[in-house]
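Since the structure comes first, as structure tokens, the remarks are kept for the end.
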Amino acid sequence: KNFWLHTTAAGSGKGVVAGVGTGSGVASLIHEFTENPNGWHQVTAVYNGISLLLYVDGRYVSSVKTSIANEDALFTIGSRRNQAGFFHGRIDDVRLYSAPLTSTDIFLTKDITVSKNARNLVAYWKFDEGLGVKAFDISDNDMHAYVTGAIFSSDAAPINNAGTTDAAGFYAIEGVNYSQAQTFTATPVKNFYSRYALEFNAAYSSYA
């Protein structure tokens with residue numbers, strides 16, 4: 001039931017499988033990495049109420065019409081729900097949204113971090129802690145994850161800390177590493193000036 005994302009079966013080419021289920025039926029999409037099979041890839045699975053869509057490295061690759069059963073379940077990263085079938089490899093920068101992303105959303109954010117205020121963001125694990133037994137969710141939902149059977153690696157995905165401005169031109173970057181125990185939020189400040197005006201002078205008519 002619900003949804004899942006895992007690697008292709010042993011013995012086949014390296015790739016990813018995205019799936020959803022109703023309890024009685026299953027629909028899945030399979031994509032093999034023909035380019036750079038051993039490198040980092042950004043994978044996004046989107047369910048829009050009618051179809052499951054799969055994007056790899058910011059680009060649409062396939063879709064299938066299907067339905068889904070929504071049921072409360074233990075959410076795991078790197079293993080099956082019953083703690084079996086562990087993933088062998090590296091996972092970084094995992095995000096969950098409560099509504100479908102558009103292809104533009106996916107392409108524009110595939111190489112950068114997003115703000116905890118990003119529209120419909122439910123949880124976001126950057127995995128930048130570097131040590132310890134917890135991976136912190138930087139969203140306001142605080143769905144922090146316990147790290148079991150995995151270690152932090154210095155081989156991180158090429159994701160840049162970044163921010164997208166809002167309508168007023170402001171942005172913030174949350175969860176920036178400061179030390180082994182602390183992170184901070186970078187919030188740029190804009191200087192505003194009040195009671196200023198342009199003066200036009202006939203002697204300098206070409207300038208303001």
Side-chain angles (χ1 to χ4, degrees), residues 1-10 12 15-33 41-110 112-127 129 133-150 157 159 164 174-175:
K1 297 180 179 179
N2 299 326
F3 66 92
W4 53 90
L5 193 66
H6 61 80
T7 56
T8 47
S12 60
V16 64
V17 180
V20 297
T22 63
S24 59
V26 169
S28 60
L29 299 170
I30 302 173
H31 178 79
E32 291 189 3
F33 302 133
H41 292 278
Q42 189 266 355
V43 177
T44 304
V46 175
Y47 182 69
N48 62 14
I50 299 173
S51 299
L52 172 67
L53 301 91
L54 182 63
Y55 295 78
V56 174
D57 297 328
R59 300 188 182 280
Y60 167 83
V61 293
S62 59
S63 63
V64 61
K65 287 188 175 182
T66 185
S67 57
I68 190 173
N70 295 305
E71 183 177 291
D72 290 344
L74 176 67
F75 181 74
T76 61
I77 301 171
S79 73
R80 295 185 183 276
R81 191 168 70 174
N82 58 3
Q83 297 294 302
F86 292 96
F87 174 73
H88 181 70
R90 292 172 177 82
I91 298 175
D92 201 1
D93 210 73
V94 175
R95 312 168 193 182
L96 285 179
Y97 293 84
S98 61
L101 296 177
T102 67
S103 57
T104 301
D105 292 332
I106 295 167
F107 187 79
L108 291 179
T109 59
K110 68 184 181 68
I112 62 173
T113 58
V114 296
S115 168
K116 69 178 182 179
N117 297 318
R119 186 166 41 98
N120 301 314
L121 184 69
V122 172
Y124 185 9
W125 300 276
K126 295 175 69 176
F127 298 129
E129 290 79 7
V133 295
K134 267 190 176 182
F136 292 96
D137 169 22
I138 70 167
S139 81
D140 289 332
N141 294 319
D142 295 332
M143 292 195 288
H144 308 312
Y146 284 97
V147 180
T148 304
I159 302 293
T164 302
E174 296 91 358

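Considering CG of L54 and OG of S63, their distance stands at 9.5 Å, rounded to 0.5 Å. Taking CD1 from I159 and CG from D93, the interatomic distance works out to 4.5 Å, rounded to the nearest 0.5 Å. For the atom pair T102 OG1 and N48 CG, the distance stands at 12.0 Å (nearest 0.5 Å). Atoms CZ and CD1, from F87 and I77 in turn, are 12.0 Å apart once rounded to the nearest 0.5 Å. Of the inter-residue distances, the one linking F3 atom CZ with I68 atom CD1 reads 7.0 Å to the nearest 0.5 angstrom. The CZ atom of F86 sits 8.5 Å away from atom OG1 of T148, with the distance rounded to the nearest 0.5 Å.
Aromatic ring pairs are classed by plane angle as parallel below 30°, tilted from 30° to 60° and perpendicular above 60°; the pair F33 and H41 is parallel. Using cut-offs of 30° and 60° for the angle between ring planes, the H144 and F136 rings count as perpendicular.
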Discussion item. Evaluate M143 against F75 for side-chain contact (heavy atoms from CB on, under 4.5 Å), listing each step before the verdict.
Written reply: CA-CA 10 Å; M143 292 195 288; F75 181 74; over 6 Å; no
Discussion item. Using side-chain contact (heavy atoms from CB on, under 4.5 Å), reason through V147 and F127 one step at a time and then give a plain yes or no.
Written reply: CA-CA 10 Å; V147 180; F127 298 129; 5.9 Å; no
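Contact record, V17 with S28: CG1-CB, 4.0 Å, taken as the closest heavy-atom pair. Taking each heavy atom of K1 and T22 in turn, the nearest pair found is CG-C, 4.2 Å. Nearest heavy atoms, V20 versus S67: CG2-O, 3.8 Å. Pairing each heavy atom of S139 with each of K116, the nearest pair is CA-CB, 4.0 Å. Between A69 and N2, the shortest heavy-atom distance links the atoms O-OD1, 2.5 Å. The two atoms that bring A18 and L5 nearest to each other are CB-CD1, 3.6 Å, heavy atoms only.
Taking the side chain as every heavy atom from C-beta outward, V16 and H6 never approach each other to under 4.5 Å. In this structure, the side chains of I106 and V46 come closer than 4.5 Å at one or more pairs of heavy atoms. For the pair V56 and Q42, the minimum side-chain heavy-atom distance is 4.5 Å or more. Counting only heavy atoms from C-beta outward, the side chains of D137 and Y124 approach each other to under 4.5 Å. Proximity of V114 to R95: side-chain heavy atoms (C-beta onward) are separated by under 4.5 Å at one or more points. Two residues are said to be in side-chain contact when any heavy atoms from C-beta on lie closer than 4.5 Å; E32 and S12 meet this criterion.
Here the side chain of T8 pairs a donor or acceptor atom with the backbone of G15 at under 3.5 angstrom. Judged by distance alone, the side chain of N120 and the main-chain N or O of S98 form no donor-acceptor pair under 3.5 Å. Within the 3.5 Å criterion, the main-chain N or O of G21 finds no donor-acceptor partner in the side chain of W4. Without hydrogens or angle criteria, S51 side chain to L53 main chain gives no donor-acceptor distance under 3.5 Å.
Of the charged side-chain nitrogens involved, none lies within less than 4.0 Å of a carboxylate oxygen, so that K110 and D57 do not count as a salt-bridged pair. One finds no salt bridge joining R90 and D92 here, because no Lys/Arg side-chain nitrogen approaches an Asp/Glu carboxylate oxygen to under 4.0 Å.
Under a cut-off of 6.0 angstrom, the local environment of CZ in F107 is sparse, with at most 12 non-hydrogen atoms contributed by other residues, nucleotides or ligands. More than 12 heavy atoms of other residues, nucleotides or ligands sit less than 6.0 Å from atom OH of Y47.
Pairs of residues two or more places apart, or lying in two chains, that qualify as salt bridge (Lys or Arg N to Asp or Glu O under 4.0 Å) and include a residue from residues 96-109 are D105-R119.
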